[in-house]
Asker: 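After the structure tokens below, expect a handful of questions from me.
From a predicted model like this one, the values you see are computed outputs, not experimental measurements. Below, chains carry the letters A, B, ... as their sequence lines are ordered, and counting in each starts from 1.
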Amino acid sequence: MDLGIIAYAVPFLVIGAKTTLLIAVFGVGIGLPFGVAVGLARCSRSRVLRRVCDAYCAIFRGTPMLVQVFVIYYGLAQVSFIRQNPILWWMIGDGLNAAILAVVLNTGAYTAEIFRTAFLSLPKGLIEAAEACGMHPWHVFRRVKFPLAVRQALPAYSSEAAIIVKESSLASTITVLEITGYAKRLMSETFAIMDIFIVTAAFYLTINVVVLTGLKLLERRLSFAR
Amino acid sequence: KDGVLRIGTEGDAPKFSMADPSGKVTGFDADIANGICAELKLKCEFVVQTFSSLVPSMDKDRFDVIISGLGITAERQKKIDYSIPYATTPLYFAVSKDSPLAGLKSLAEIEKALQGKSVGVVTGTTYARFMEKRMHGADLKTYDAVTQLTADLASGRIDVAFADSPTWMDFFATPDGANFTRIDLKIMAMDDPDVLGHGMGVGMRKGNTELKTKVDAALCNMINDGKVKEASMRWFQDDYTIPCKK
Amino acid sequence: MLGDLWVLMVEQSWALALLKGSVVTIVIGLIGMALGFLVATPLAIMRWRKVVFVSQLVDGYSILVRGVPGLLVIYLLFFGSIEWVKAITAAFGYQDSADDAYPYLVGVIAIAVISCAYSIEVIRGALQAVPYGLLEAAQSLALPRGVTFIRITFPLALRLALGGINNVWQMTIKDTSLVSVVGLQELMRTAAIGAGITRSPLLFYCIAAALFFCMTAVSQTAFSSAERALDRGFRGR
Amino acid sequence: MNNVLKVHDLTKTFGSTTVLDGISFNMREGEVISLIGSSGCGKSTALRCINFLETPTSGRIECMGQSVSVVNDERGGSQIVNARDIRNLRRQIGMVFQNFNLWPHLSVLSNVTEALVWVLKLGKKDAEEVALSALSKVGMASFRDRYPQQLSGGQQQRVAIARVLAMRPKLMLCDEPTSALDPELVGEVLKVIRALAEAGATILLVTHEMRFARDVSNRMIFLQNGRLEQDDEPKELFRNPATEGVKRFLSTVMAANA
Amino acid sequence: MNNVLKVHDLTKTFGSTTVLDGISFNMREGEVISLIGSSGCGKSTALRCINFLETPTSGRIECMGQSVSVVNDERGGSQIVNARDIRNLRRQIGMVFQNFNLWPHLSVLSNVTEALVWVLKLGKKDAEEVALSALSKVGMASFRDRYPQQLSGGQQQRVAIARVLAMRPKLMLCDEPTSALDPELVGEVLKVIRALAEAGATILLVTHEMRFARDVSNRMIFLQNGRLEQDDEPKELFRNPATEGVKRFLSTVMAANA
Ligand SMILES: Nc1ncnc2c1ncn2[C@@H]1O[C@H](COP(=O)(O)OP(=O)(O)OP(=O)(O)O)[C@@H](O)[C@H]1O
Ligand SMILES: Nc1ncnc2c1ncn2[C@@H]1O[C@H](COP(=O)(O)OP(=O)(O)OP(=O)(O)O)[C@@H](O)[C@H]1O
Ligand SMILES: [Mg+2]
Ligand SMILES: [Mg+2]
């Protein structure tokens, strides 16, 4: 490894890491509640709602995120209606916003699947016990369904969180300079592909080790005595 | 391998290196490669790979040379060896026809006019560096490919784009590009070789001097007998050859 | 518009190339996923049983592989090993065939290594969620460990893991695009080349997405029926 | 006194098995009714229907006069009162489940305060006070910080009872509330139920302990194969079994008691 | 007759709470012993220790003479017999759990045949035959294709009993095997247990039904706060309670029965 190149690369990557974190934080912050809501909707009694959410999940899980990013950023930009609507254009006109939108939509679909199975596998009696004392569905959800589902979903969701951090790299294809954006530039400037790659990976690894260990600790904290 | 020259190339760069569905590579780079093979009496074997794996693959002897429009810069030369430069493409700014920038003439004027404007370039290119070094006040956006750059220029996300001349020839011919024009200021690599490099060269593993002398000689021959010009005219309708200094 | 499409797809035969790419994607995705799952299951079990030392190793592996970009995994695997392989195969005189086959091998292994790390977490989570009393019942009846696992623990855990495994599979099939860095023309890479040289990225990427969607739609029906089968007995109260 | 609960022609089928077959009875305020019958005769299902946890296939359930649930099977569909009405009703109906259904992620105390805080909107302090008093009624106050899975079967059952007691429901549905308790505790629970009834609560309980049922209830209802066979005062029921089924059931009970 | 089970100075603590405190007793072949005591006194834990589901903190359990489990807390660690020995023992020990623990993904029949096929290595046909005969003993043969969650509480309990019956264990540990059953069925189960005991099985059961216990058992063991307070023949126990605790427990039982 060439220390000179690494020393040159790190300051750029640090700047990029801030953007990566920004995307990831928004991705988790919006994507998790959104995904949980979709997961709930997929277990709901309304057939239409279920179908719509199923389709959404099928599409966003079934296609590569790169394509989703492209369609959202370049594809939608070709629709003049969207270009004229200030709110829509605010969402996709700017690369960073479009990236966050894509990450949220993508992770939402995966999160929904994780939580859907978690919700389906909850012992029904526990929910009935909550309903039987007249709890509002929202409270049933918040105090019984969600805490129990989270405990089961956490291992799988921790993977999803790590994926969000890594997939945020696709933002570099739509002009957002996060870690990978800078890394691409540095690589073609210096051709020190492996060196820069390894440093870049170290950045992602650091973020993810923090995320994954954090979630592991949370999991341990939440596990109740058997 | 005996009797074969293995060539790494990207395969997805229009006009330069295009791998068709059957895997056959055409384009300016392919012509240069075939020329070199003919000179060296070797059989050409193309290996199509993504850009970021080209250099490590060559390092590990998956192929012998990279011919993929690589610009020669001092920094890159720390990692790989280059042949002599054989061609360079002129660079232009493109703006929409009704833009006030359309009439500008000098780099200084442009630099001033670009303050606060968003400018698009393809990431990692020598001219992206150039933009960064020269256009301080501009909001630089980097793209992975020229198609994305031109798409954003068309959709109005960026005010100005900077790329090589073949890109603009292509783009202006499309319906989207009809409203755009290039600023009449030709920038060549020689204008600022420290940043823009010395033109395109063939990349080789470091220390492979035997091959380098052979390839250099072959290229020099091709330049001198007009083969490079021929290829350049074929793909770009213009002569981008850099004369052989030896 | 349709005429252009015809020219691109049929006359320039991009359709065929995309289909070929799909085959590479499916083959590598399936083998990688299956391999990963096979390895993940015992590892997850050991992690669940809290086997000393192995648990820590499994945790380390899973955090490491999930933490770094997939591209690095395949880069290190490929570029880290290729010299050795070259040397060894050259010694036996098989260098040419090794050169051709090795990228496939590494591609599959890399995909397996990645999907394995994700599968471990899914399986472990599901195993932990199986009510302990049900396993005690099996123990008290002296069911051998293996039988308990195959007949009781695994089916119950599988039901809980199915959604997660489905996620891992969908991710894995798309992760096959990583193998393009070792020179394999899978679906995404083919689409990227087509997008680049025909200058119609949206068209090619959307076709690729549609092909991916078809693959996952087929697997989705399989997962749905598996889910229904495993849900037998749980639909009561 | 008003009718707290009117059940009319309640029928419930699971697939092809008919579990409840046209059951009708009324409950007046302050009444304690025991639902008896052999295993699998539909007692739990009846309780679950009354609490709307199960949608009846047909029949009518009228609860607290306020709200009426009309269910028709004439057009093959069930029509139920809306979710909000059900919730309002449930606020006044407490249910002790046969298998307790304590929330495993909450401590004993939280299991009890949960509904107090979120349904009755008590403050945290008040809720804990109420909860502790309910817990001590069943002798579980000292286990307040344990988690359900760290409790013995009988302890779990007592927490489940306390969870409902704390809500002071107007109508209490208890599904074998003493199945895991020793005779001593059965006596305690008996006392608690009596006190509740005296304070005006209406209680419908499923039990297999005939003596307990006889002691505590104003009326006893005997179910067999989902059909209501007799609905009478305990004395009357024991003296004059209405059908062969009741007679046989009681005679084996008596034989066992002998 | 041999001692089937010898429990010596069994102690079990969870964290700081001592649940079992130096319990010792023996069981001879064909004996039926009832373990009684108030809720939370450690009955289930004792059963679980004997079946090695719980590792005792200290003490000694000797089972069927074959194998001895020596557990010491002197050096702070527990030393247990190896897993194979435990499995061999468990093959001859059956356990009916307080909360049934039926496997939800298997039909009633499969719940019973499972161990027959995999532990006793019966063929599929034979296993089903044995299973059905066990199921019919508890009146559940007609539910063979149902899943546990489609059964009532009492039906689940009966399947749990059949699952153990079918294995013809030498030693049966039953944790409140009749808690969810009506008196009629309690009588049936009583018969089954008697028949088993007469056929030579040894049965240790936890129960709250004093009459049932008195009728069925050769000896009764009273636990209080994890201590063994009395181990006597039923008559003797009822006549001469050894300690205040036993006396109080029995007196409330009697009062409840009155
Ligand atoms: N995991 C645990 N942690 C702490 N205490 C426990 C745990 N499990 C059980 N206990 C305590 O051990 C005691 C004995 O429990 P056990 O289940 O043996 O009681 P039991 O005699 O079977 O009572 P019941 O008749 O109510 O079933 C109880 O007081 C219980 O609270
Ligand atoms: N989901 C279901 N599908 C089919 N049959 C069911 C289902 N749930 C319950 N049953 C049947 O309905 C009948 C009544 O069940 P229920 O639980 O009401 O009985 P119970 O009177 O409470 O009996 P126990 O005293 O044993 O608890 C039983 O025969 C049971 O098998
Ligand atoms: Mg019941
Ligand atoms: Mg117990």
Side-chain angles (χ1 to χ4, degrees), chain B residues 1-2 4 6 8-27 29-30 45-63 68 122 143-152 154-155 166-167 169-171 173-177 235, chain C residues 1 4 8-21 69 71-72 74-87 90 95-96 98-100 102-103 106 177-186 188-205:
Chain B
K1 265 191 281 186
D2 298 339
V4 174
R6 293 168 302 163
T9 188
E10 279 174 274
D12 58 359
K15 302 220 162 170
F16 284 93
S17 164
M18 305 184 286
D20 72 6
S22 61
K24 212 173 129 237
V25 182
T26 54
D29 286 336
E45 192 180 289
F46 287 96
V47 179
V48 177
Q49 289 205 345
T50 53
F51 169 76
S52 61
S53 64
L54 282 178
V55 175
S57 294
M58 186 173 71
D59 271 346
K60 300 291 179 191
D61 196 24
R62 302 283 296 169
F63 38 75
S68 207
V122 173
Y143 293 84
D144 282 356
V146 286
T147 41
Q148 296 162 22
L149 176 73
T150 53
D152 259 9
S155 73
T167 301
M169 276 171 17
D170 264 6
F171 177 56
T174 63
D176 272 348
W235 295 102
Chain C
M1 174 67 208
D4 292 350
L8 274 180
M9 288 301 137
V10 181
E11 287 176 14
Q12 300 184 11
S13 66
W14 279 108
L16 192 66
L18 288 170
L19 282 180
K20 266 192 208 157
L71 216 46
L72 184 80
I74 194 162
Y75 261 85
L76 290 183
L77 277 181
F78 187 70
F79 295 119
S81 68
I82 184 75
E83 271 167 350
W84 299 95
V85 173
K86 269 206 160 103
Q95 191 176 348
D96 284 358
D99 259 11
D100 294 340
Y102 194 60
V106 171
S177 64
L178 297 178
V179 303
S180 65
V181 300
V182 296
L184 299 185
Q185 308 289 326
E186 45 63 58
M188 270 314 264
R189 176 68 180 146
T190 313
I193 292 178
I197 71 182
T198 65
R199 298 183 190 79
S200 12
L202 270 180
L203 173 71
F204 270 86
Y205 282 136

Asker: Are B:Ser52 and C:Tyr75 close enough that some pair of their side-chain heavy atoms sits under 4.5 Å apart?
Answerer: yes
Asker: Among C:Arg199, C:Glu83, C:Lys20, who wins on heavy-atom pairs under 4.5 Å with chain B?
Answerer: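 Max contact count across the listed options: C:Arg199.
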Asker: Please identify each residue that fulfils side chain to side chain donor-acceptor pair (under 3.5 Å) with C:Thr198, with sequence neighbours left out.
Answerer: C:Ser200
Asker: How far does CE of B:Met18 sit from CD1 of C:Ile193, to the nearest 0.5 angstrom?
Answerer: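 Here the interatomic distance stands at 12.0 Å.
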Asker: Quick check for you: to the nearest 0.5 Å, what is the distance between B:Gln49 atom CD and C:Gln185 atom CD?
Answerer: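 These two atoms lie 8.5 Å from each other.
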Asker: So which residue, B:Asp59, B:Asp170, B:Asp20, ends up with the most heavy-atom pairs under 4.5 Å with chain C?
Answerer: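 Of the options given, most contacts go to B:Asp170.
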Asker: For chain C, find which of B:Pro14, B:Ala13, B:Gly11, B:Ala19 contributes the most heavy-atom pairs closer than 4.5 angstrom.
Answerer: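 Of B:Pro14, B:Ala13, B:Gly11, B:Ala19, B:Pro14 has the most heavy-atom pairs under 4.5 Å with chain C.
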Asker: With respect to chain C, which residue among B:Thr174, B:Asp61, B:Val47 yields the maximal number of heavy-atom pairs within a distance under 4.5 Å?
Answerer: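 Among the listed options, the one with the most contacts to chain C is B:Asp61.
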Asker: With sequence neighbours left out, what residues match B:Thr9 under side chain to side chain contact (heavy atoms under 4.5 Å, CB included)?
Answerer: B:Ser17, B:Val25, B:Phe46, B:Val48, B:Ser68
Asker: Given the options C:Thr190, C:Leu202, C:Ile197, C:Leu71, which has more heavy-atom pairs under 4.5 Å with chain B than any of the others?
Answerer: C:Ile197
Asker: Taking C:Lys86 for its side chain and B:Lys60 for its backbone only, find out whether a donor-acceptor pair lies under 3.5 Å.
Answerer: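 Pair found, side chain donor or acceptor close to backbone of B:Lys60.
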Asker: Does anything in residues 145-152 of chain B reach chain C? List residues with heavy atoms under 4.5 Å apart, or say none.
Answerer: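 So the qualifying residues are B:Thr147.
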Asker: Please name all residues satisfying salt bridge (Lys or Arg N to Asp or Glu O under 4.0 Å) with B:Asp144, sequence neighbours left out, ordered by chain then number.
Answerer: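 So B:Asp144 forms a salt bridge (Lys or Arg N to Asp or Glu O under 4.0 Å) with A:Lys184.
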Asker: Taking the side chain from C:Arg189 and the backbone from C:Leu184, do they hold a donor-acceptor pair closer than 3.5 Å?
Answerer: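 Between the backbone of C:Leu184 and the side chain of C:Arg189 there is no qualifying donor-acceptor contact (under 3.5 Å).
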Asker: C:Glu186 side chain to C:Met188 main-chain N or O, any donor-acceptor pair under 3.5 Å?
Answerer: yes
Asker: Quick one: what part of C:Leu16 sits under 4.5 Å from any heavy atom of chain B, side chain, backbone, both or neither?
Answerer: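 Neither; nothing under 4.5 Å.
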